[in-house]
There are 2 protein chains.
Amino acid sequence: MSKQRDEEQVLAQLAGVVGCSPLVREPLSADRSGELARVFKALGDPVRLRLLSLIASHAGGEACVCDLTGAFDLAGPTISHHLKVLREAGLIAGERRGTWIYYRARAELLASVAGVLDTAVEA
Amino acid sequence: MSKQRDEEQVLAQLAGVVGCSPLVREPLSADRSGELARVFKALGDPVRLRLLSLIASHAGGEACVCDLTGAFDLAGPTISHHLKVLREAGLIAGERRGTWIYYRARAELLASVAGVLDTAVEA
DNA sequence: TACCTATCTTGACGGTCGTCGAATCACGGG
DNA sequence: CCCGTGATTCGACGACCGTCAAGATAGGTA
């Protein structure tokens, strides 16, 4: 139902973050800092970091939820919640194929965020 | 009093984060994810992101607290709290010179965190 | 249709976070 | 020495977050 709307909002966010110049170059505007903070907040949990890493480093670049739940001592709904947070931050994208749902990392956003933090910059 | 102890703990943290291999290379260990999450959590607030950006982009690479408070519609203690969070995450370091306290960004940590996120990696 | 498995949503609980006022500490100048 | 200014710490309040059990949804199989 709101799946499509979520995706659109996420993409709107990405536009602001992807084009962002590095932190050390010039002071961050209030708008950009809000968008960036949403991404960093999503990264600011050990479980979500491990989930993202498991997905990004998994063979084929994607992982099924059933591959992820086993790695944690957490209930199913909790994993699902963390995946939702990562999804709404634009860090991962999920696709249903039959019974299973596969997630993959959005490398563009990871690279953009890295660019914001990096001191020696390319642009 | 605990100023010195804080610094030591921060440096101990950095050791784990600085040497960390990128997210997409291999699954993050539980330990590393905890250390990394602390840094990302510190970055996960708009005010702290702007503070860090103001400090890092300031002339001379450092900024006095009095230069920062004016940029926000927040009370002094709130700014001080956010600076403490950034300090305890190892993202900034403060030094008192006379009446004023100057903060500067820890570029090594910024670069390390960027390296963890980046997909195309140097090592 | 009915059932099973995989995953998400809801609702609730305890814990943490961001914010502020008031009090406190650190320094320099009369 | 006492006062004023810059900055932090303390204590408290409301809001948000991580977690789970229970219920709901989606797809496959028969």
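Proteins come first, then strands; the chains are lettered A, B, ... in the order of their sequence lines, and each starts at number 1. Hydrogens, waters and symmetry mates play no part in the numbers below; they use all other heavy atoms, side chains included.
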Short side-chain N/O contact to D:dC20 OP1/OP2 from A:T78, under 4.0 Å: yes
Separation of atom CG in A:D73 from atom C1' in D:dC20, rounded to whole Å: 13 Å
A:L74 or A:R97, whichever maps to the more 5' nucleotide of DNA chain D: A:L74
Spacing of A:K84 atom NZ relative to D:dC17 atom C1', expressed in whole Å: 14 Å
Distance in angstrom units between B:E95 CD and D:dA7 C1', rounded: 15 Å
Short side-chain N/O contact to D:dC20 OP1/OP2 from A:H81, under 4.0 Å: no
First of B:W100 and A:R48 reached from the 5' end of DNA chain D, by closest nucleotide: B:W100
Whole-Å gap separating C1' (D:dT8) and CG (B:L83): 10 Å
Any A:T99 side-chain nitrogen or oxygen under 4.0 Å from OP1 or OP2 of C:dT5: no
Short side-chain N/O contact from B:Y102 to OP1 or OP2 of D:dG6, under 4.0 Å: no
Euclidean distance, atom CZ of residue B:F40 to atom C1' of D:dG18 [Å, nearest integer]: 19 Å
Salt-bridge contact B:E62-B:R97 (side-chain N to carboxylate O under 4.0 Å): yes
Separation of atom NZ in A:K41 from atom P in D:dG18, rounded to whole Å: 10 Å
Protein-nucleotide distance (A:L51, atom CG; C:dT7, atom C1'), rounded to Å: 14 Å
Nearest-nucleotide pick for B:D45, side chain only, options being C:dT7, C:dG18, D:dA7: C:dG18
Distance-only polar pair, side chains of B:R96 and B:Y102, donor-acceptor under 3.5 Å: no
Whole-Å gap separating C1' (C:dA6) and CZ (A:R96): 7 Å
CG-NE2 distance between A:L86 and A:H81, expressed to the nearest 0.5 angstrom: 9.5 Å
Cation over ring face, B:R50 and B:F72, 6.0 Å, 45°: yes
Which nucleotide in C:dT19, C:dC20, C:dC8 has an atom nearest any side-chain atom of A:S80: C:dC8
Presence of B:H82 side-chain N/O under 4.0 Å of C:dT19 phosphate oxygens OP1/OP2: yes
